[in-house]
Amino acid sequence: PGASLPHPSPHSSIHWFRKGLRLHDNPALLAAATDCHRLHPLFILDPSSGRAGTNAWRFLLDALRDLDRSLREMGSRLFVVQGCPEEVFPRLFHAWGTTRLTFEVDTEPSRDATVAELAERHGVKVIREVSHTLYDTERVLALNNGKAPLTYKGLQSLLASLGPPEKPAPTLTLEHLQGEHGVVDWVSHDTEYGVPTLEELGQDPTEVGPHLYPGGETAALARLNSLMDRTAWLCDFKKPETEPTSLSPSTTVLSPYLKFGCLSVRTFWWWLDEVYQGQREHSQPPVSLHGQLLWREFFYTAGAGIPNFDRMVGNPVCLQVNWDNNPQHLRAWREGQTGYPFIDAIMTQLRTEGWIHHLARHAVACFLTRGDLWISWEEGLKVFEELLLDADWSLNAGNWLWLSGSAFFHRYFHIYSPVAFGKKTDRDGAYIRKYLPVLKDFPAKYIYEPWKAPRAVQEQAGCLVGTHYPQPIVEHGAASKRNLGRMKAARAQKGNKSPRRRPPHRPPLPPTGENCLAHAPAAFYSVAKHRENRGELSRKRLFSLPRPAAAAGGKAIIPPSSATIQ
DNA sequence: TTCCTGTTGTATAC
DNA sequence: GTATACAACAGGAA
């Protein structure tokens, strides 16, 4: 730290925050601060982008305020500007005398190339760094002839040839900041560049739910810290065994922090690695926590390598299906009014709290698409994008492809029952009672199927099905059976058009679908029941804010490698 | 061609 | 709690 520069700092830098809302492991931010006499940390709020709901906006504003607070402690500030990047940058380049623009690589379809060109035209040097993913997605794709691996194993073997992920970069500290830090006018900063409120963004602040998961790097590292004491839990973690019906999250709920980059995936990876090192044995990918981070990598790679990844049409890996158009059923699903308490409870938790367990996502996604309602996964994707705090373009689309049986997942005859699935881990329906208080007095025998309760029982529970709570909008047995047949038909069509297979001996169907390949799943991080720590002593708390221990052994700020474009 | 595997199904039997 | 049928797919290895 504190490497004093041998020559005057020539640069005026803008670091453009998009994701990566943190000071730890942020190589592009370090690059901005290097040889720099004036640094402007910038966030551009683009009101025209995205479908985020109120809870997600709150999370983002939390994160921005936290970032500003941390920068302020070092005498700097965050500059928040509203507009679209193409319009904002030329103005700022001119006003701030910018010579260098740095930002984190984004694997999603974005306007990065346009901005980079624009910067170049203004004589501004552009530096991009990989830090949102464990590996450089472009490199992984190149290693596989430009194609995304379509199985988890496939990705694993590619990554094996690349070796372990890079270590996190050092946290930005006061020592990295030279010169003026970019603050021109402390008096007018808040009015000109302050973090706006929900109201100022046109969001209704009365719509937010309980503030269970405050946004920001500080909250992210605190959450990580509190997991540190649970060595046995971390080492035993097996995702499929965690419970979707747990009343408090049975997984980590680090996903919103990873999505916005309040937590660095590399910091998490190497911290887990340290925990694993100290133990005799630990779970392994794909079910372990390391495995969850590799699923994340899997879908980022798929999202970057597969065209039209978030759509059915034009997506070469996606099964082409004639989904129904049924706005009433879609609305019932979204609002938690399907008449299936398990489904409705999950959707209620989603709308109010912004986070649901991974397997709960499976249950409602299957219900919406191939299981019961036969509605396009693209509709579900949009709802999740609005309501989930951790909705991430690649992971969201990838998981919807998976659950709808459109790609990656092929055993489409495995269908989640909206009645039986929740019962496995919650016989008495405590989860339903929590999120659907209208049903809270039903006996356990009927809590998953209240329409089956005799009239007297419904009266006793103070809830008449059809009056206070809806009748089921579909009959699961019949609907799932019919849909299974429709899945089979869609696949048969695909088979007919595939050049690599003999035509299946089935009656030919009218050709409508496009040829599809096939492929594998994704992960939202979660859970496992709180198990006791078997007496391992708690480790020292490494994450107050800076995290020196895991920082790359070397101090090299950023390798001036291919990350630099211009 | 055959065989095995795939993070996370359900219902029934013991 | 574990085993099995259910009805059966895609991809990759052998």
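Chain identifiers are assigned alphabetically (A, B, ...) following the order of the sequence lines, protein sequences preceding nucleic acid strands; residue numbering begins at 1 within each chain.
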Rounded P spacing from C/dA13 to B/dT7 in Å: 14 Å
If only atom types and distance count, is the side chain of A/T267 paired as donor or acceptor with the main-chain N or O of A/L263 below 3.5 Å? no
For B/dT7, is there a stacking contact with A/W295, counting only centres under 5.5 Å and planes under 30°? yes
Non-neighbouring partners of A/R139 that pass side chain to side chain donor-acceptor pair (under 3.5 Å), sequence neighbours left out: none
Between C/dA8 (C1') and A/R411 (CZ): distance, integer Å: 10 Å
If you only use heavy atoms from C-beta on, which nucleotide in B/dT8, C/dA7, C/dA10 is closest to the side chain of A/H410? C/dA10
What pattern of brackets, bars and dots sums up DNA chain B from 5' to 3', given Watson-Crick or G-U wobble pairs under 3.5 Å, [ ] for crossing pairs and | for another strand? ||||||..||||||
Expressed in whole Å, how much space separates the C1' atoms belonging to B/dC3 and C/dA8? 15 Å
When you get a sec, tell me which of C/dC9, B/dG9, B/dT7 is the closest nucleotide to the side chain of A/H414? B/dG9
I'd like to check the side chain to side chain donor-acceptor pair (under 3.5 Å) partners of A/R334; sequence neighbours left out, ordered by chain and number. A/E386
Nearest whole angstrom, please: distance from the C1' of C/dC9 to the CZ of A/R491. 6 Å
For A/K424, the side chain to side chain donor-acceptor pair (under 3.5 Å) test, sequence neighbours excluded, returns none
Look at A/K488 and C/dA7 and indicate whether a side-chain polar atom (N or O) is within less than 4.0 Å of OP1 or OP2. no
A/R433: what forms a side chain to side chain donor-acceptor pair (under 3.5 Å) with it, not counting sequence neighbours? none
Starting at atom NE2 of A/H357, determine the distance to atom C1' of B/dT7, rounded to an integer number of angstrom. 12 Å
Name the orientation class of the two ring planes belonging to A/W269 and A/H290 (parallel below 30°, tilted from 30 to 60°, perpendicular beyond 60°). parallel
If only side-chain N and O atoms count, and only distance matters, is there a donor-acceptor pair under 3.5 Å linking A/Y416 with A/H362? yes
Using ring-ring contact (aromatic ring centres under 6.0 Å, His included) as the criterion, list what pairs up with A/Y435, not counting sequence neighbours. A/Y431
Quick check on the 6.0 Å ring-centre criterion: do A/H414 and A/F409 meet it? no
Rounding to an integer number of angstrom, what distance separates B/dC4 and C/dT4 when you compare their P atoms? 16 Å
Positions of residues 343-354 of chain A (non-hydrogen atom under 4.0 Å from DNA chain B), listed by number: none
What is the distance from CD of A/Q156 to P of B/dT5, rounded to the nearest Å? 15 Å
Residues that A/R486 engages under salt bridge (Lys or Arg N to Asp or Glu O under 4.0 Å), provided they are two or more places apart: A/D324
Does C/dG11 have OP1 or OP2 under 4.0 Å away from a side-chain N or O of A/K153? no
In whole angstroms, the gap separating C1' of B/dG9 from CZ of A/R370 amounts to 9 Å
Residues passing the ring-ring contact (aromatic ring centres under 6.0 Å, His included) test with A/W393, sequence neighbours excluded, are none
How close or far is atom P of C/dC9 from atom CD of A/Q493, stated in whole angstroms? 16 Å
What is the separation between atom OH on A/Y416 and atom P on B/dG9, rounded to the nearest whole Å? 5 Å
Sort and list the pairs that fulfil salt bridge (Lys or Arg N to Asp or Glu O under 4.0 Å) and have at least one residue in residues 250-271 of chain A, not counting sequence neighbours. A/D25-A/R266
Roughly how many Å is it from OH in A/Y448 to P in B/dA11, rounded to a whole number? 13 Å
Among residues at least two apart in sequence or on other chains, which ones pass salt bridge (Lys or Arg N to Asp or Glu O under 4.0 Å) with A/R455? A/E459
Residues in contact with DNA chain B, drawn from residues 418-434 of chain A - heavy-atom cutoff 4.0 Å: A/A420, A/F421, A/K424
Same-atom distance (P) from C/dA7 to B/dT1, integer angstrom: 25 Å
Are OP1 or OP2 of B/dT8 and a side-chain N or O of A/R361 less than 4.0 angstrom apart? no
